[in-house]
Every structure is written in C-alpha cells, then in structure tokens.
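Just so we're clear, the structure is a prediction, and the values are computed from it rather than from any experiment. Reminder, nothing fancy here: chain letters follow the sequence lines and each chain counts from 1.
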Amino acid sequence: MSKNKSASVFASVVFLKVQEFARRPVTEQARLRAQLDAVVAVTTAELAPASRIVLEASDGIAVVVLADPAGALRLAERAMAAVAAGLPLSIGINHGAVQAMRSDGMVGDGIAVAASVADFTSPSRILISRSFRSALADAAPGSEAALVPAGTFTDSGLRTHELFRPDPHAARRRARRYAALSTGAVAVLLAAGVAGRVSKVGQESFVEGMLAAYRDTAAQGEKYVRSLVQKVKF
Amino acid sequence: MAKKKVARIGRYRILGELGRGAMGIVYRAEDPNLDRIVALKTIILSDDAEGRKDYHKRFFQEAKAAGKLTHPHIVTTYDFGEEGDLAYLAMELLEGTDLRERLLKASLPTADAVDIAYQVADGLAFAHERGVVHRDIKPGNIMLLARGQVKIMDFGIARMRSDDFKTSTGIVLGTPRFMSPEQIAGAPVDQRSDLFSLGAVLYEMLTRAPLFAAEDTPQIAHNVTHVEHVPPSHANPEVTPMLDFVVARALKKDPTVRYQDATEMAGDLRNCLAELHSREAAAGKGRDHVTKTVKLESTDDKAPQAPAARAIVSDTRLPLSRQFDSSAALQRVAAKGGRDRERLARAPRPVGLLRRLARDGGPRLLFAVALTAALAGAYIALG
C-alpha cells in the first residue's frame with residue numbers, strides 16, 4: 001500500500017458539502033454539481049495552481065490547500081456566498097495529514113476530519129477544527145482570533161472535535177479589547193509609579209513636590225507665553 | 001427428474017427442453033386448449049411434507065401475484081399448477097436472447113444499455129405499484145427481444161428460490177453480485193432492493209466490468225455491502241455525468257437515500273437517453289462538417305468512487321476532480337525533498353510569546369504601551 005502513496009504532508013482541507021445531495025432528484029443533482037464546480041472554479045482562481053488540489057466527493061468537493069490556511073479560509077467564505085445563489089452548502093475545514101495516491105486521488109486523516117465536520121455542519125455554515133485554527137495561528141499569528149468557539153462534536157469514529165466558526169466582528173472586538181487593556185496597563189503602571197514615590201517620600205512631601213513642580217511648570221509656561229506675546233507685539 | 005423424458009405436465013404437451021436451472025427445467029410446451037406454445041417452467045417441490053406445504057402455499061401466492069402483471073416489459077404468466085413433485089408455470093414463450101448471453105458476446109452501445117435499463121425500470125414500476133417485488137433482477141432474468149424490446153422474467157418466483165436455498169442450507173446460493181446490501185444482510189427487502197440490482201445490471205452494461213466481483217461469495221457479499229463502485233464514466237467515456245449520478249443513486253448502500261421508486265429511476269433514465277441521443281445527433285452533425293481528434297484520458301487507473309462525506313470517516317480516499325487540473329500541486333506533494341517539501345511536511349507549531357509579540361498586532365500594541373507606561377511609572381517612582 002505504501003508503494004501506492006507519497007509521503008504525507010500537512011494541508012488545509014476545505015470540504016464543500018451539498019446538503020441532502022443524495023436525496024435530491026438526479027436532474028437537480030446534476031444542476032447542483034455544475035453549480036458547485038462553477039463556485040470552486042471561481043473561488044480557487046485566487047489560489048496558485050500549485051497550492052490547491054481539487055477532489056471529488058459524491059456529495060460535494062474537497063479542496064486541499066497547501067501551506068496557505070488563510071487562503072483556505074477565504075475560499076470557504078467566498079464559497080459560502082454561493083448559498084445566496086441557491087446552492088445549499090455546508091463547509092467543514094480541517095488541517096491535517098494527507099497523502100497523494102499514485103493511482104488517483106488523495107487519502108488522509110485531514111480529509112476524513114474535514115468530511116465529518118462538513119457532515120456535522122448545519123446548512124449555510126462553516127465549521128472549523130481546532131487543528132486548522134492552530135495552523136492559521138502558526139501562519140499568521142492573530143488571524144485565528146477571527147474564529148470563535150462553536151462547541152464540540154463526536155464523530156462516528158467516537159473522536160471528539162473542538163469546533164470554531166468564523167466571526168467577522170471577532171477581530172474588531174479583540175482589537176478593542178487590546179486597546180482597553182493597553183489603557184488600563186498605562187493607568188495601573190503610572191499609578192504604581194505614583195504609589196512607589198508616595199511610599200518613599202511620604203504623602204505630604206510628595207504633594208508639595210508635585211505642587212512645586214506644577215508651580216514651576218506653570219511659571220515657566222507663563223513666562224513663555226509672555227515672551228511669545230512680546231514677540232507678537234513687535 | 002432430469003433423465004426421465006416427460007411427455008406431459010398438467011394439460012401441457014412437452015415439445016422440448018429450453019433450458020435447465022437450479023430450480024428445475026424449462027420446457028417448450030403446447031397448451032392444447034388454446035393451441036398456444038408456451039414456456040413451461042418447472043420447480044421441484046421439497047420432499048419434506050411440512051416444507052412442501054409451506055412452499056406450495058407461497059408458490060401459489062407468488063404465482064397469482066405474478067399472473068396479474070400484464071405489461072409490455074414483463075413476461076406474462078398464463079397459468080400455474082402442480083403435478084406430482086413438480087410445480088409449474090406456463091409463461092409467454094419469447095424468441096430472443098437474455099442479457100447475460102448478450103453481454104458475453106460484445107459490449108452494448110451506451111444508449112442501448114440505458115434503453116434496456118429504462119425498459120426494466122418501467123416494468124419494475126408497474127410491478128412495484130402492485131406490490132410485487134422481483135428480488136432477483138440480474139442479466140439472466142432480462143430478455144432481449146426483436147426490435148429492442150425488453151422483458152423481465154421470473155417475476156415472483158425468484159423470491160421463493162432464494163428463500164428456499166436460504167432455509168435449506170443456511171446460505172444464499174448463486175451469485176450475490178446483483179443483490180442489494182439489505183438482501184445480503186437477510187433484512188426485509190422492498191422495491192428499493194430491485195432498484196439496487198438494476199443499478200448493478202446497468203453498471204455492468206455500461207462498463208462490461210463485473211461490479212463487486214471477487215474470488216468467493218463472502219468477499220462479493222462484503223464488496224456489495226461496503227465497497228463503493230468506480231463511476232462508470234471512468235471506464236466508459238460515453239457515460240454522461242447525469243448517468244453517473246443515476247448509477248450512483250441506484251447503488252446507494254443505504255436504501256433510504258437510494259431511488260425510492262422505479263418510476264423516478266425510469267424518468268431519470270429517459271432523460272439520460274434523451275441526452276445521449278442528442279449528443280449522438282450533435283456528433284453526427286459535427287462529423288459532416290469537420291474532423292476532430294479528441295484525446296481521451298487514460299482509464300487504466302481505477303479511481304475510487306467518490307464517497308459521501310458521511311462515509312469518508314471510514315474510507316478517506318477521494319479521487320481527483322476531472323474538472324480541475326491539480327497536477328502542479330500534486331507534484332509539490334510528491335516531491336522527494338527540498339525546502340518546500342519540508343515546509344509542507346511540518347505540522348503547525350504553537351505560537352510562542354516572542355513570535356506573538358513580533359507578528360500579532362494586538363499583543364504588540366499592549367506590550368509597547370505597557371513598556372512605555374512601566375518606564376514612565378519607574379521614572380515617577382524613582383524621581
């Protein structure tokens with residue numbers, strides 16, 4: 001068997017599953033498949049041909065994206081826009097080991113988990129495994145913040161998967177959180193400096209020192225303003 | 001029974017032997033009352049008195065049901081009865097060849113294969129509407145007549161045969177290649193089982209490759225139950241994507257996602273037939289004007305049939321899409337060495353603090369602001 005496969009690589013797998021595909025009439029299946037092919041053609045166009053492998057599943061398509069988790073996520077989000085055009089999609093994304101088979105196609109746990117996540121996903125949603133989130137963090141630290149927890153599920157092989165979903169507002173919320181933390185840190189550190197000074201010289205002398213410093217600064221300021229006014233008068 | 005020359009069975013005068021099977025002999029016979037030549041199918045009854053009683057009851061029940069099926073694509077049963085150790089059925093005598101023999105001679109044109117499957121589906125739809133399930137649809141039970149007409153043989157009695165074998169020996173005799181997974185499992189079957197069998201027959205007509213073939217019966221049973229088929233278009237480029245879908249739907253292991261009735265399948269097959277005919281017409285038209293060389297992809301490699309998402313948990317193989325060229329990326333994956341290969345083979349690393357501070361905007365801002373505030377605080381504290 002090993003002769004038939006190449007060594008495994010780690011890749012992001014985007015599994016685009018057409019909801020209830022097998023139960024639909026064959027004419028509708030053919031239409032949906034053509035629509036899905038068109039969606040994949042459009043969404044993979046932004047990826048370099050050397051970084052994507054398109055695989056066929058009986059109820060969808062799996063796109064294996066090499067060394068570009070952010071590209072894989074973008075692909076999934078763009079494909080999800082096709083739902084508005086009447087293509088009932090659910091998308092599962094995973095990052096894991098895959099192997100090319102010499103005969104045709106690919107195998108690997110990366111594909112299996114993406115497929116089971118897609119199978120679990122409700123219509124018009126994208127669900128993402130923890131390993132994909134880690135891969136995204138590794139490729140672009142901070143970008144994983146756009147993925148928020150969406151619960152856990154246990155697949156038919158009794159493996160539990162921690163899932164995430166993209167949240168367009170999560171990155172902004174995080175930026176605001178960091179800004180608030182920065183402000184808080186400034187306040188705390190300055191207050192600590194003041195407290196340290198007070199404990200060292202005593203409260204009265206600190207207040208006096210501060211007032212003296214304030215008076216000096218005010219006097220200097222007044223002097224500066226006066227000289228400026230003089231200059232203007234001339 | 002085999003060696004003894006029979007002159008008459010019931011009121012039928014035996015004219016000759018047409019064939020022999022596991023159940024008994026099929027004779028060419030004459031009905032003197034109607035002056036009609038019939039095919040007289042005999043079935044050897046069990047020696048066991050109790051078993052015989054039960055068999056007798058079921059035989060008459062099934063034969064009665066089959067006798068009600070008068071349809072252009074079903075062999076008509078005229079009469080049935082019992083004589084001595086034999087039960088018999090007088091049926092329409094057909095001049096033609098069965099599909100099994102036809103497939104042994106040469107491959108069928110794709111449109112002909114679809115037409116045969118369509119006619120069988122049409123016949124099955126009629127029978128299923130009347131509550132009769134064939135249970136043994138296979139090439140040997142499909143008769144091809146002159147002018148392309150197709151008839152299904154052995155309606156009703158096929159079930160008795162398989163049950164009989166099962167109860168007497170504990171195993172199902174004969175090839176299970178055309179049986180549905182639920183039939184192999186011994187579960188109750190309904191009309192959807194016939195549609196699986198028809199899907200298997202259609203597959204074989206389209207590809208000439210025996211579906212689920214294996215060295216022995218248990219292995220075939222395993223293949224029927226677990227192995228997904230290679231899409232027929234991989235072996236026969238004339239098979240359209242729609243026809244691939246029809247075969248895939250008929251061959252679903254789970255009956256709930258298979259075709260639910262033969263009418264629906266017949267409708268899809270009719271659409272496929274129309275598509276094939278229009279393609280043929282277009283090709284014929286094109287040939288009048290230009291000559292074109294089309295390079296067909298090699299079909300030597302047997303790619304696995306694309307399984308559904310649910311099935312991939314146990315079977316992770318997915319074939320390459322034929323719509324997209326993935327060769328450049330596959331070359332990267334198959335490369336033996338190099339930095340790119342090493343990069344691809346590397347599992348994601350956890351993001352450490354330094355890398356986080358260097359590349360993540362939020363923590364970087366927090367760190368810079370906190371550092372500045374700490375220096376300012378220290379300056380205040382230390383004067």
>> Between B/Thr372 and chain A, with a heavy-atom cut-off of 4.5 Å, which part of the residue counts as in contact: side chain, backbone, both or neither?
In response: neither
> Is chain A contacted by the side chain of B/Arg249, its backbone, both, or neither, given a heavy-atom distance below 4.5 Å?
Replying inline: side chain
> Which bit of B/Arg346 comes within less than 4.5 Å of chain A, counting heavy atoms only: side chain, backbone, both or neither?
Replying inline: both
> When you check the gap from the basic side-chain N to the acidic O, do A/Asp167 and A/Arg173 get nearer than 4.0 Å?
Replying inline: yes
> Any salt bridge between A/Arg31 and A/Glu28, counting N to O under 4.0 Å?
Replying inline: yes
>> Does any backbone or side-chain atom of A/Phe21 lie under 4.5 Å from a heavy atom of chain B? Answer side chain, backbone, both or neither.
In response: side chain
> Which one, B/Ala328, B/Cys272, B/Ser326, leads in non-hydrogen pairs under 4.5 Å with chain A?
Replying inline: B/Ser326
> Minimum heavy-atom separation for B/Thr263 to B/Ala125, with atom names?
Replying inline: OG1-CB, 3.6 Å
> Hey, what's the ring geometry for A/Phe132 with A/His95, parallel, tilted or perpendicular (30° and 60° as the breaks)?
Replying inline: tilted
Can you give the donor-acceptor pairs under 3.5 Å from side chains of residues 350-365 of chain B to other protein atoms, not counting sequence neighbours?
from     : atom 1 : to       : atom 2 : distance (Å)
B/Arg355 : NH1    : A/Asp138 : O      : 3.1
B/Arg355 : NH1    : A/Asp138 : OD1    : 3.3
B/Arg355 : NH2    : A/Asp138 : OD1    : 2.7
B/Arg356 : NH1    : A/Glu144 : OE2    : 3.0
B/Arg356 : NH1    : B/Asp360 : OD2    : 3.0
B/Arg356 : NH2    : A/Glu144 : OE2    : 3.1
B/Arg359 : NH2    : A/Ala139 : O      : 2.8
B/Asp360 : OD1    : A/Arg174 : NH1    : 3.1
B/Asp360 : OD2    : A/Arg174 : NH1    : 3.4
B/Asp360 : OD2    : A/Arg174 : NH2    : 2.5
B/Arg364 : NH1    : B/Ala358 : O      : 2.7

>> Given 3.5 Å as the limit, does a donor-acceptor pair link the side chain of B/Ser193 with the main chain of B/Asp190, or not?
In response: no
>> Can you tell me which portion of B/Tyr259 sits under 4.5 Å from chain A's heavy atoms? Options are side chain, backbone, both or neither.
In response: side chain
> Among A/Gly142, A/Ser182, A/Gly196, which has the most heavy-atom pairs under 4.5 Å with chain B?
Replying inline: A/Ser182
> Between A/Pro141, A/Ala34, A/Ala185, A/Gly96, which has the largest tally of heavy atom pairs under 4.5 Å with chain B?
Replying inline: A/Pro141
> What part of A/Ala67 is in contact with chain B, defined as an atom under 4.5 angstrom from a non-hydrogen atom: side chain, backbone, both or neither?
Replying inline: both
> What part of B/Asp254 gets closer than 4.5 Å to chain A, counting heavy atoms only: side chain, backbone, both or neither?
Replying inline: neither
> Any luck finding a side-chain donor-acceptor pair between B/Thr110 and B/Asn236 under 3.5 Å?
Replying inline: yes
> Quick one: of A/Arg159, A/Arg52, A/Lys200, A/Arg177, who has the most non-hydrogen atom pairs under 4.5 Å with chain B?
Replying inline: A/Arg52
> Can you check whether B/Ala335's main-chain N or O pairs, donor with acceptor, with B/Arg341's side chain at less than 3.5 Å?
Replying inline: yes
>> I'd like to verify something: which residue of B/Thr240, B/Asn271, B/Ile380 has the highest number of heavy-atom pairs under 4.5 Å with chain A?
In response: B/Ile380
> Measuring heavy-atom distances to chain B, does A/Val40 have an atom under 4.5 Å in its side chain, in its backbone, in both, or in neither?
Replying inline: both
>> If you count heavy-atom pairs within less than 4.5 Å of chain A, which of B/Gln260, B/Arg349, B/Met242, B/Gln323 leads?
In response: B/Arg349
> Relative to chain B, which segment of A/Ala11 carries a heavy atom at a distance below 4.5 Å: side chain, backbone, both, or neither?
Replying inline: neither
>> Quick one: does any side-chain atom of B/Asp261 pair with a main-chain N or O of B/Glu264 as donor and acceptor, under 3.5 Å?
In response: yes
>> Can you tell me which of A/Val113, A/Leu190, A/Val188 forms the most heavy-atom pairs within a distance under 4.5 Å of chain B?
In response: A/Leu190
>> Walk me through whether A/Ser131 and A/Asn94 qualify under side chain to side chain donor-acceptor pair (under 3.5 Å).
In response: CA-CA 6 Å; A/Ser131 60; A/Asn94 179 45; 2.8 Å; yes
